[in-house]
Amino acid sequence: MKVTLLQHDITWANPAANRQHLDELLDAQPQSDLFVLTEMWSTGFAVQAEAIAETADSDSLCWMKEKARQHQAAIAGSLLVEDHGRYYNRFYFVKPNGEVTHYDKRHLFSYGGEDQHFTRGEDRVVVEWGGVRFLLQVCYDLRFPVWSRNQNDYDAILYVANWPVPRIEAWNVLLKARAIENQCYVVGVNRVGQDAVCTYNGSSAIIDPYGRTIAAPQVGTEQTVSAEINLEKLNAFRAKFPVLNDKDQFIIQNV
């Protein structure tokens, strides 16, 4: 499977402008099986969601459906969503046939006040596309390895983020850690540019199960890169070195 990540800038609180910009980026890409955008790609990261949230059936979600159909590829990325009076950082995975799967971010960024305005998700979500099983995760989730622990139920993790420059080394290290400890591919997509609070340099990457970076755009630059997820090699590695067979057993309680 060919996966393409889009390390892109975001115009603050302007979904129409961001859709138009991503139209241009996507339409310039060669064929891929999956295109991955950033966290809150249509607005930028906001904790005071009321003023700029989109609805659950927003134009941005409709745009994702149309682009998936047009490119005959899946499109993934998170939106700032208001749904029945509650606000969610909602990660959508949209297939070309219009099928939509979503994951609501579980670990809300309390340091920045996200937990004061958003409702956290309770469900761990794995979606299958083209024979590959993807675990959906958003930004701050990366710091919580129990939530992403591989229960032999996925092959790759998608992390979408607005992860700022001062903490970027944590992003770089943890992406590799999640790949190594879970014997999986990791696709981490982070924005570039600035908002009113933070500066972002991307540092996006596609990482293989050995923890090796197999594709990465230039740091600080709006750029796209692609890499292949090879299930044959992944399964051979897991069979030869069966780390996951020795994992701890646990149950996550929603408290």
Side-chain angles (χ1 to χ4, degrees), residues 5-26 36-56 58-61 63-64 75-83 85-92 102-121 136-144 158-175 188-205 216-224:
L5 64 82
L6 283 77
Q7 179 173 280
H8 60 88
D9 200 353
I10 301 172
T11 300
W12 176 255
N14 193 333
N18 289 311
R19 290 193 298 268
Q20 181 177 354
H21 180 55
L22 287 170
D23 261 336
E24 297 169 359
L25 293 180
L26 277 170
V36 188
L37 313 179
T38 64
E39 177 187 23
M40 294 193 187
W41 62 262
S42 72
T43 58
F45 180 78
V47 294
Q48 294 182 333
E50 296 80 359
I52 63 173
E54 299 186 83
T55 60
S58 67
D59 288 343
S60 292
L61 179 57
W63 175 89
M64 293 179 77
I75 306 285
S78 96
L79 296 171
L80 195 171
V81 172
E82 183 274 322
D83 192 356
R86 294 188 175 187
Y87 298 92
Y88 298 91
N89 189 337
R90 181 162 289 176
F91 188 176
Y92 287 108
H102 78 260
Y103 160 71
D104 291 330
K105 183 180 181 183
R106 178 178 175 87
H107 296 95
L108 301 177
F109 190 47
S110 57
Y111 179 80
E114 189 179 20
D115 60 322
Q116 301 300 311
H117 299 268
F118 286 75
T119 298
R120 79 170 188 173
L136 307 184
Q137 302 271 277
V138 179
C139 203
Y140 195 43
D141 286 327
L142 179 61
R143 291 184 179 269
F144 302 92
L158 302 182
Y159 285 102
V160 298
N162 278 211
W163 197 290
V165 168
R167 296 184 291 276
I168 203 65
E169 283 308 311
W171 164 264
N172 293 334
V173 171
L174 292 174
L175 286 178
V189 187
N190 187 35
R191 70 163 292 185
V192 293
Q194 291 183 306
D195 58 25
V197 179
C198 296
T199 299
Y200 308 90
N201 72 0
S203 297
S204 305
Q218 183 176 343
V219 172
T221 301
E222 191 171 67
Q223 190 178 11
T224 62

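Note that the structure is a prediction, hence the values are computed from the model and not measured.
Residues Leu5 and Pro217 are in side-chain contact: their nearest non-hydrogen atoms beyond the backbone lie under 4.5 Å apart. The shortest distance between side-chain heavy atoms of Val219 and Ile168 does not fall below 4.5 Å. Looking at heavy atoms from C-beta onward, Val192 lies out of side-chain contact with Thr221 at the 4.5 angstrom threshold. Phe91 places none of its side-chain heavy atoms less than 4.5 Å from the side chain of Lys105. The closest side-chain heavy-atom distance from Arg191 to Glu39 is not below 4.5 Å. Between Leu37 and His8 the shortest side-chain heavy-atom distance falls below 4.5 Å. Side-chain atoms of Glu222 and Leu25, non-hydrogen and from C-beta on, do get closer than 4.5 Å to each other.
Residues satisfying the ring-ring contact (aromatic ring centres under 6.0 Å, His included) criterion with Tyr92, sequence neighbours excluded, are absent altogether.
Side chains of Asp195 and Tyr200: a donor-acceptor N/O pair is present below 3.5 angstrom, by distance only. The closest side-chain donor-acceptor pair between Ser42 and Arg19, if any, does not fall under 3.5 angstrom.
To the nearest 0.5 angstrom, Ser78 atom OG is 12.0 Å from Leu158 atom CG. Summarising the geometry, atom OH belonging to Tyr88 is positioned 9.5 Å from atom CD belonging to Glu82; distances are rounded to the nearest 0.5 Å. The distance from atom NE2 of His107 to atom SG of Cys139, rounded to the nearest 0.5 Å, is 12.5 Å. Here Gln116 contributes atom CD and Ser110 contributes atom OG; the two are 8.5 Å apart, rounded to the nearest 0.5 Å. With values rounded to the nearest 0.5 angstrom, Ser203 atom OG is found 7.0 Å from Asn190 atom CG. The distance from the NE2 atom of His102 to the CG atom of Leu79 is 11.5 Å, given to the nearest 0.5 Å.
The shortest heavy-atom contact between Ala56 and Arg90 is CB-NH1, 4.3 Å. For Glu114 against Asn89, the heavy-atom pair with the smallest separation is OE2-ND2, 3.3 Å. The two residues Thr43 and Glu54 have their closest heavy-atom pair at CG2-OE2, 4.4 Å. Annotation for Gln7 and Gly220: closest pair NE2-N, 4.2 Å, computed over non-hydrogen atoms. Scanning all heavy atoms of the two residues, the minimum distance from Val189 to Leu6 falls at CG1-O, 3.3 Å. Among all heavy-atom pairs drawn from Ala13 and Ile52, the shortest one is CB-CG2, 3.6 Å.
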For Asp115 and Arg120, run side chain to side chain contact (heavy atoms under 4.5 Å, CB included): C-alpha distance rounded to whole Å, both residues' side-chain angles, the deciding distance at 0.1 Å, then the answer. CA-CA 8 Å; Asp115 60 322; Arg120 79 170 188 173; over 6 Å; no

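Between Trp163 and Trp171, the ring planes are tilted. Angles from 30° to 60° get that label. Under the 30°/60° scheme for interplanar angles, the aromatic rings of Phe144 and Tyr140 are found to stand perpendicular. In this pair, Trp41 and Trp63 present their aromatic rings tilted. The plane angle is within the 30 to 60° band.
Using modelled atom types, one side-chain atom of Asn162 and one backbone atom of Phe45 make a donor-acceptor pair closer than 3.5 Å.
Atom CZ of Arg167 has more than 12 heavy atoms from other residues, nucleotides or ligands within 6.0 Å.
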